[in-house]
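Okay, so here's the structure we're looking at.
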Amino acid sequence: MQTFLHNDFLLQSDAARRLYHDHAAPMPIVDYHCHLPAEDIANDRRFTNLTRAWLEGDHYKWRAMRINGMEESYCTGNVSDREKFQAWARTVPHTLMNPLYHWTHLELRRYFGVDELLNAQSADAIYDACSALLQTEDFSCRNLLRRMNVRLVCTTNDPAETLSAHEAIAGGPGGLIVVPGFRADRASAIQNPAVWRGYLQDLGTAADIDIRSPDTLLEALQQRHDYFAAHGCVVSDHGEETLYAQQYAASEVKAVFDRSMRGLVPTHADVALFKSWLLYELALMDHAKGWVQQFHLSALRNTNSRAPAPDSGYDSIGDFALAERVARFLDRLHSTGQLAKTILYSVNPAHNEVLASMCGNFSEHPVPGKIQFGTAWWFMDQIDGMVRQLTALANMGLISRFVGMLTDSRSFLSFPRHEYFRRILCDMIGGQMERGELPMDTDWMGKVVQDICFTNAWTYFGFDRIRQR
């Protein structure tokens, strides 16, 4: 009998097993936040080998390899793809009790039918077998998504992007829905004026607007917001350390803008003021269109000055003040009836109860779960992190209205993470049923599980309306 990752992996009760196999497992996947390149879907890319599909841009794996003492050349350097994979294979046995150990072997099994453990001895055979499959039509990007029953993918896109790949996908074969997500972080990144000014040129070119003032910046962002909406976008995303909600006057915003345009490095107070202004204005745009706004908070990014590139795995959990700022930001919008549906995430588990309790402050008719405490994210998307997030949500809100899991991934092989989440969810609910803490009502509990796995997100984001366009 297979004991590792067996059919009832993580399911510790009969009720949990029924919930998972009968209700959770059959549900399609709606992945409403990820970083997959839409170009790869549009072109139906076939990866030349397993390294390209699995290690390309995956800073989770790079971090583990660095911790294991591997040279940077095996992560972001120019050694051969086979050598990079061999270095990862040597690292995998050392990732025991890290979610990477489960994810790695789940992905090998679910996509390629490989039951063998990955290590230095098995590396070449697994690499050759999987690479051969990836070069076939059945393992193209679209078919990798179909294998995991993925119905919809929401990518993450800068306002200056053309979305030509999304146009190509929309005009191609039916079935899979791919929509853009509007992420305007670079528009507020005035802490590096030289980079920011260069970005404003790109944004201005995309919008055909000469950005010379706060007003023309908003005009350009509004134009791109409209463009994204025309391409099926229904969601924005922000990756900030915290929410910014300080008071400001229009003259102060203009003064900060003008100084930054001249190349002067802003103070921390100036940065906070500018971000407070722009986040609020973007939130108004989202509300006007009925979009969902997402805030991914508390990550301390790019901490290593010797890193080979930004966003390459040198980030950690941050400890930033949240409660008062989040409350002020949401209340300002709510007080005028302009608060869009909102999802709040924190990569710091110390904020779980803060955000779970905050969501109830601004929920209102007629949207169930209008303000969501988002799924365990980044460093927290493992067993303990998911259990803690789900527990806080259940204790302080309505877990039955939860919009569920996302991958936040750059890999087409990452979708077994939804299975991981679903098994954890079913084990929690099934365990309480077995202990008499919840009724043994499999029909109702099964519906709750299905809603969390798929239906709640499908409805909350309005993806059913996209399908009909």
Side-chain angles (χ1 to χ4, degrees), residues 3-30 32 97 99 102-103 106 149 343-361 363 367-377 379-407 416-460:
T3 58
F4 176 59
L5 296 186
H6 53 77
N7 195 45
D8 294 329
F9 168 63
L10 296 179
L11 305 172
Q12 302 179 68
S13 68
D14 288 340
R17 290 186 277 273
R18 289 195 300 272
L19 288 175
Y20 177 74
H21 294 299
D22 296 344
H23 298 276
M27 299 304 292
I29 289 174
V30 50
Y32 55 87
M97 299 180 70
H102 286 154
W103 294 349
L106 276 174
N149 198 17
I343 307 179
L344 302 171
Y345 309 81
S346 176
V347 75
N348 188 336
H351 296 144
N352 283 354
E353 284 74 17
V354 171
L355 294 186
S357 64
M358 187 70 68
C359 292
N361 296 343
S363 292
V367 183
K370 177 179 177 179
I371 312 301
Q372 291 274 330
F373 174 34
T375 190
W377 164 59
F379 293 105
M380 293 299 106
D381 57 359
Q382 26 77 5
I383 296 172
D384 180 65
M386 290 182 190
V387 168
R388 292 176 67 176
Q389 186 271 341
L390 289 167
T391 300
L393 173 57
N395 284 340
M396 300 185 184
L398 298 180
I399 194 171
S400 61
R401 295 301 190 180
F402 182 37
V403 294
M405 178 63 174
L406 51 86
T407 61
R417 296 183 195 179
H418 280 266
E419 173 187 341
Y420 203 59
F421 167 82
R422 292 175 179 189
R423 287 176 178 270
I424 292 166
L425 172 69
C426 291
D427 186 63
M428 290 182 66
I429 295 176
Q432 291 200 18
M433 292 168 66
E434 294 280 355
R435 295 190 298 272
E437 298 167 23
L438 287 172
M440 193 62 73
D441 183 348
T442 305
D443 289 341
W444 170 245
M445 299 304 168
K447 181 184 183 303
V448 169
V449 165
Q450 290 178 333
D451 287 347
I452 295 170
C453 292
F454 173 77
T455 311
N456 286 347
W458 190 253
T459 304
Y460 181 80

State which residues pass ring-ring contact (aromatic ring centres under 6.0 Å, His included) with Phe454; sequence neighbours excluded, sorted by chain then number.
Trp458
For His102, enumerate each residue passing the ring-ring contact (aromatic ring centres under 6.0 Å, His included) test, keeping only those at least two apart in sequence or located in another chain.
Phe9, Tyr420
Run the numbers on Phe421 and Leu390 for side chain to side chain contact (heavy atoms under 4.5 Å, CB included), then give the verdict.
CA-CA 10 Å; Phe421 167 82; Leu390 289 167; 4.2 Å; yes
Provide the closest heavy-atom pair for [X] versus [Y] in the form atom of the first, atom of the second, distance.
| X | Y | answer |
| --- | --- | --- |
| Ala25 | His21 | CB-O, 4.2 Å |
| Ala356 | Ala392 | CB-O, 3.7 Å |
| Val347 | Pro349 | O-CD, 3.5 Å |
| Asp381 | Pro99 | O-CB, 4.4 Å |
| Thr375 | Gly404 | CB-O, 3.5 Å |
| Arg18 | His23 | O-CD2, 3.7 Å |

Is there a donor-acceptor pair closer than 3.5 Å between any side-chain N or O of [X] and the backbone N or O of [Y]?
| X | Y | answer |
| --- | --- | --- |
| Asp451 | Asn456 | no |
| Ser357 | Val354 | yes |
| Arg422 | Met27 | yes |
| Tyr460 | Lys370 | yes |
| Glu434 | Ala15 | yes |
| Gln372 | Gly374 | no |
| Asp427 | Gln12 | yes |

Lys/Arg-Asp/Glu bridge criterion (N-O < 4.0 Å) met for Lys447, Asp443:
no
Partners of Arg423 by side-chain hydrogen bond (donor to acceptor under 3.5 Å, both in side chains), sequence neighbours excluded?
Glu419
Who passes side-chain hydrogen bond (donor to acceptor under 3.5 Å, both in side chains) against Asn352, sequence neighbours left out?
none
To the nearest 0.5 Å, what is the distance between [atom1] on [X] and [atom2] on [Y]?
| X | Y | atom1 | atom2 | answer |
| --- | --- | --- | --- | --- |
| Ile399 | Leu393 | CD1 | CG | 5.5 Å |
| Cys359 | Met396 | SG | CE | 11.5 Å |
| Tyr32 | Met405 | OH | CE | 9.0 Å |
| Asp14 | Met433 | CG | CE | 10.5 Å |
| Leu10 | Asp8 | CG | CG | 10.0 Å |
| Phe373 | His351 | CZ | NE2 | 10.5 Å |

Sequence neighbours excluded, every pair satisfying side chain to side chain donor-acceptor pair (under 3.5 Å) that has a member inside residues 392-407
Asp31-Thr407
Less than 4.5 Å apart, side chain to side chain, heavy atoms only: is that true for Met358 and Ile371?
no
Find out whether Met445 and Val449 are in side-chain contact, i.e. whether some heavy atom of one side chain is under 4.5 Å from a heavy atom of the other.
no
With sequence neighbours left out, write down each residue that passes side-chain contact (heavy atoms from CB on, under 4.5 Å) with Ala376, or none if nothing qualifies.
Met380, Met386, Gln389
